[in-house]
Asker: 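I have a structure I would like to understand better, so I am pasting it below and will then ask my questions one at a time.
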Amino acid sequence: MALISVEGLDITFPLYHGNSRSLKRTLAAAVQPARNAPSAHLQQDARDRVVVQVLHDISFRLNPGDRLGLIGSNGAGKTTLLRALAGIYEPVAGRVRVSGTVGALLNTNLGMNVDLSGRENIRLRGLFHGLTRTRIAAVEQDVQDFAELGTFMDMPVKTYSSGMLVRLAFGLATAITPQILLMDEWFLAGDAAFMTKARHRLEALVDRAEILVVSTHQPEVMQAWCTRVLWLDGGAIRMDGPPDMVLPAYLAR
Amino acid sequence: MAVSGAGAPAEPVMDLAPQRGPGRITAALRDIGAGLALWRLGLALGWLDIKLRYRGSILGPLWLTISTAVMVGAMGVLYATLFHMDLHKFLPFLSLSLVLWGFIGGVVNDAPTVFTQAAPLVMSIRMPLFVHVLRMVVRNVLVLLHNVIVIVVVFALYGTRPHETLTIAPVLALWLLDAGAIALLFGTLGARFRDIGPIVASLMQIFFFVTPIIWPPEMIFVGRQYMLLNPFFPVLEILRGPLLGESVRASIWLAAGVHSVVLWALALGLFCRMRARIAYWI
């Protein structure tokens, strides 16, 4: 049974590059009055390093059937939270427990190597998931049909138009069904024709997934898909509840 | 830990929290284990790296062989004349040394960027970091295999016969292990400090001249005992000696073992401590 449990999660990023001492001095004045303001802020950790606090004391639990939407302004920590759930950033404090296979649709190119062809990227993804040769061939066919790439399947991904790239990434990401689907908002962007086609496939995937976590700026998507909305503000939870409660509050802010 | 494919019997469980002491060691060893289990992916990534480098070129990876052959030929004739050496003895030595050093240099120079280069992949999916180490080692082994052709031709031309061939297989395994450790050690350092790459590259230039590669080890008399301190010489010699049909002194074997153990201890120590931070750095 799929499950996500987050307890007291903290994520801070160290600021190493550049002279952090002088950076600190430069920013001190700007940050000081805003210490408690709702935005990611600079702090000093125990070892006197300058760090950016991106997520602070996040706790929630998701059971099968839960559809969680993350909402918040830019820099609120939505993508970082998704990455923490995917296990890319390990907690600086707190605990993240995820049981079930995870599908993460986080950045536009899904970590694809743009110098490799679409087919090669699909093969690598299949190898990562431990698929057999026949399964990989099936996924290849599926993605090729969906993305309508034709002969471009054997061309380097960097020669693709942005539309083709989104179609390939989308097809690839939705070809393997995970129990837990983590999705960043870019996935909902795209031209109208593609969106109609993609919507059906995405909805099927969302239906099959036991847990969905999606971050988006679009309230209507959230209204349609989510059963619960988490409003992130400055790296902390501002509000947590059903869409009918959180969305009006968020929009009225 | 890692996401398993559909139809896996047990559901994967990922439980992440900041770790101390033994927990870090377990997590690091699990990363290495999971990375090794994905060897097919490592192999494919390494092979595609080579394929990409020569995509659009007519001769493709054969250029590796050709450029090595040209270098061995030119340097062989030049240095044999300068040092008044017998080409029959010198050319097999030089070809073997240059090719093996090419592997060492390739691994050490690639190591600092082993994680930073994989940043898009690291940022998009949770994957054992050791996969990237495998990829780099595979890539360099493939380069080495292309260059082995030059050695085989030179050895055949001059009738050089390896002896004590029993030790060659275990020594090759040790080389692969050491390459993995170098990648872990410098890869972790290089992710945190971007200056590691240039520093390592300039040090390797010095080691190229200090280590007996273009000059035979017999040529040095003064300070000979210090040669065992050079981390590259003993490891190089235990493979080169038997291949050239020479026996290797016990002290060299011992030094090679000690250097490898120290290298692995440093690499594991650093990787255990910093593994969870690497994603934050790149």
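Being a predicted model, the structure only gives us computed values, none of them experimental. Just so we're on the same page: letters track the sequence lines, and every chain starts at 1.
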Asker: What I'd like to find out is whether the side chain of A:Arg95 reaches to under 4.5 Å of the side chain of B:Leu16, using heavy atoms alone.
Answerer: no

Asker: Closer than 4.0 angstrom, basic N to acidic O: yes or no for B:Arg275 and A:Glu90?
Answerer: yes

Asker: Specify which of A:Leu182, A:Leu3, A:Ile11 makes the most heavy-atom pairs with chain B at under 4.5 Å.
Answerer: A:Ile11

Asker: Is B:Leu52 close to chain A through its backbone or its side chain, or both, or neither, when contacts mean heavy atoms under 4.5 Å?
Answerer: side chain

Asker: Please name the pair of heavy atoms, one in B:Pro18 and one in A:Ala93, separated by the smallest distance, quoted to 0.1 Å.
Answerer: CG-CA, 3.6 Å

Asker: Side chain, backbone, both or neither: which part of A:Glu7 has a heavy atom under 4.5 Å from chain B?
Answerer: neither

Asker: Measuring heavy-atom distances to chain B, does A:Ile180 have an atom under 4.5 Å in its side chain, in its backbone, in both, or in neither?
Answerer: neither

Asker: Heavy-atom distance under 4.5 Å to chain A: side chain of B:Ile278, backbone, both or neither?
Answerer: neither

Asker: Walk me through whether B:Leu38 and A:Leu127 qualify under side chain to side chain contact (heavy atoms under 4.5 Å, CB included).
Answerer: CA-CA 8 Å; B:Leu38 285 171; A:Leu127 286 173; over 6 Å; no

Asker: Taking all atoms of both residues into account, what is the closest heavy-atom pair of A:Tyr89 and B:Ala279, and its distance?
Answerer: CE2-O, 3.6 Å

Asker: Flag the pair B:Tyr280 / A:Val92 as yes when at least one side-chain heavy-atom distance between them is below 4.5 Å, and no otherwise.
Answerer: yes

Asker: With a 6.0 Å cut-off (strictly less than), is the heavy-atom count around CD1 of B:Ile58, excluding the residue itself, greater than 12?
Answerer: no

Asker: If every non-hydrogen atom of A:Glu120 is compared with every non-hydrogen atom of B:Leu48, which pair is closest and at what distance?
Answerer: OE2-CD2, 3.6 Å

Asker: Indicate yes or no for a side-chain donor-acceptor contact from A:Arg97 to the backbone of B:Met14 under 3.5 Å, with no hydrogens or angles considered.
Answerer: no

Asker: So for A:Ala104, is it side chain, backbone, both, or neither that comes closer than 4.5 Å to the heavy atoms of chain B?
Answerer: both

Asker: Any non-hydrogen side-chain atom of B:Ser124 less than 4.5 Å from a side-chain atom of A:Met112?
Answerer: no

Asker: Just wondering, are more than 12 heavy atoms of other shown residues or ligands nearer than 6.0 Å to CZ in A:Arg123?
Answerer: no

Asker: Which of the residues A:Leu124, A:Leu82, A:Asn113 is involved in the greatest number of heavy-atom pairs with chain B at under 4.5 angstrom?
Answerer: A:Leu124

Asker: Work out which heavy atom in A:Ile88 is nearest to a heavy atom in B:Arg126; give both atom names and the distance.
Answerer: CG1-N, 4.0 Å

